[in-house]
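For reference, the structure is listed below as C-alpha cells.
What you see is a predicted model, and the numbers here were worked out from it, not measured in a lab.
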Amino acid sequence: MEYIIKKGVEDAPVFILLHGTGGTEESLLDVGKVLDEEATLIGIRGNILEGGYPRYFKRLEEGIFDVEDLNNRTIELHEFIQTLVERYDLNSEKIVLIGYSNGANIGIKLFLDYPTTYRKGILFHPMYPVKIADTQDLSQTKIFTTMGKMDPIVTIEQSEHVLQLFKERKAEITEEWTQGHQLTYPEILKAKEWLA
C-alpha cells in the first residue's frame, strides 16, 4: 500500500489518516497537523480504484458496500498498519484512527473487528449500511464523529445508524452535526477540542 509518514514527538499520538473517495495518502496531512502538530502522521492510500479514484474497498453501487471485499480489505489494512507500527517503532496504544467518508467507513470496520487494537478515533461523515451479527464490547472505545444534516451522500437515518451501532456496543461517542458532506474547518476544530 502507498503511504506517507511524518514522524512527530515521542509519546504524542499516532494518527492513521484515511482519506475519502478520490483522495491520496497526503489528503488529510493538513487536517492531522491542525488536530495536533506534535503527532506522528501516517497517511495511507486505498488500494481500490473506482473510476480512477482511490478507495479502501469496493462498493456494488452508491451506498451499497461489497461486504466480502470490505472484510478482506480491512484485514489487509490492519496488517499493513501493524507492519508500520513495527517498522517505525511506534506505540500502538497511541494510535488514533482519523477517517473521512470512505476512510471513516473502513475505520468503523477496524473498530468492530479489532476492538483491543483501535480504541480512539475521529470519523468525519461516516456511513455503515452493513448488517452486523456480532455485539462486540467497545466499552474501551472513544469516538468523535461528525455528520451532515443535509448530506447528499449520507442520510440522517444512516448517520443515526452509525451512532446506534457504537452506542449498542457501549462505545463512548461524541457527535457533532454539520450541514453537508464536505469536511469543514469548524468541525476539525471541534475534533481538536475533543482530542485535547
Heavy-atom closest contact ([X] atom, [Y] atom, distance):
{"X": "Pro126", "Y": "Thr146", "answer": "CD-O, 3.5 Å"}
{"X": "Asp137", "Y": "Pro115", "answer": "O-CB, 4.2 Å"}
{"X": "Pro129", "Y": "Gly63", "answer": "CG-O, 3.3 Å"}
{"X": "Phe111", "Y": "Leu138", "answer": "O-CD2, 3.5 Å"}

How about [X] and [Y]: do any of their side-chain heavy atoms sit closer than 4.5 Å?
{"X": "Ile81", "Y": "His78", "result": "no"}
{"X": "Ile188", "Y": "Leu183", "result": "yes"}
{"X": "Leu70", "Y": "Asn105", "result": "no"}
{"X": "Ile48", "Y": "Asp69", "result": "yes"}
{"X": "Thr24", "Y": "Glu2", "result": "no"}
{"X": "Asn71", "Y": "Lys109", "result": "yes"}

Would you kindly check if the NZ (Lys) or CZ (Arg) of Arg55 is within the cone defined by 45 degrees around the ring axis of Phe57 and under 6.0 Å from the six-membered ring centre?
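Judged by the rule (NZ or CZ under 6.0 Å from the ring centre, within 45° of its axis), Arg55 counts as positioned above Phe57.
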Hey, can you tell me if Tyr100 and His125 have their rings parallel, tilted or perpendicular (30° and 60° cut-offs)?
perpendicular
Once you measure the plane-to-plane angle for Tyr128 and Phe65, does it fall in the parallel (<30°), tilted (30-60°) or perpendicular (>60°) bin?
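The arrangement is perpendicular - the two ring planes meet at more than 60°.
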Just wondering, more than 12 heavy atoms not from Glu37 lying within 6.0 Å of its CD?
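At most 12 heavy atoms, drawn from other residues, nucleotides or ligands, come within 6.0 Å of this atom.
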So does Tyr88 have more than 12 non-hydrogen atoms from other groups sitting under 6.0 Å from OH?
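Yes, OH of Tyr88 has more than 12 neighbouring heavy atoms, counting only those of other groups under 6.0 Å.
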Backbone N/O of [Y] and side chain of [X]: donor-acceptor pair under 3.5 Å:
{"X": "Thr40", "Y": "Lys7", "result": "no"}
{"X": "Gln136", "Y": "Leu112", "result": "yes"}
{"X": "Asp66", "Y": "Leu60", "result": "no"}
{"X": "Lys192", "Y": "Val34", "result": "yes"}
{"X": "Lys94", "Y": "Asp11", "result": "yes"}
{"X": "His181", "Y": "Val154", "result": "no"}
{"X": "Tyr56", "Y": "His19", "result": "yes"}

Joint cluster assignment, Trp194 & Val31, ILVMFWY side-chain distance < 4.5 Å:
yes
Residue pair Arg73, Glu76: steps toward the salt bridge (Lys or Arg N to Asp or Glu O under 4.0 Å) verdict:
CA-CA 5 Å; Arg73 298 294 172 178; Glu76 177 184 65; 3.2 Å; yes
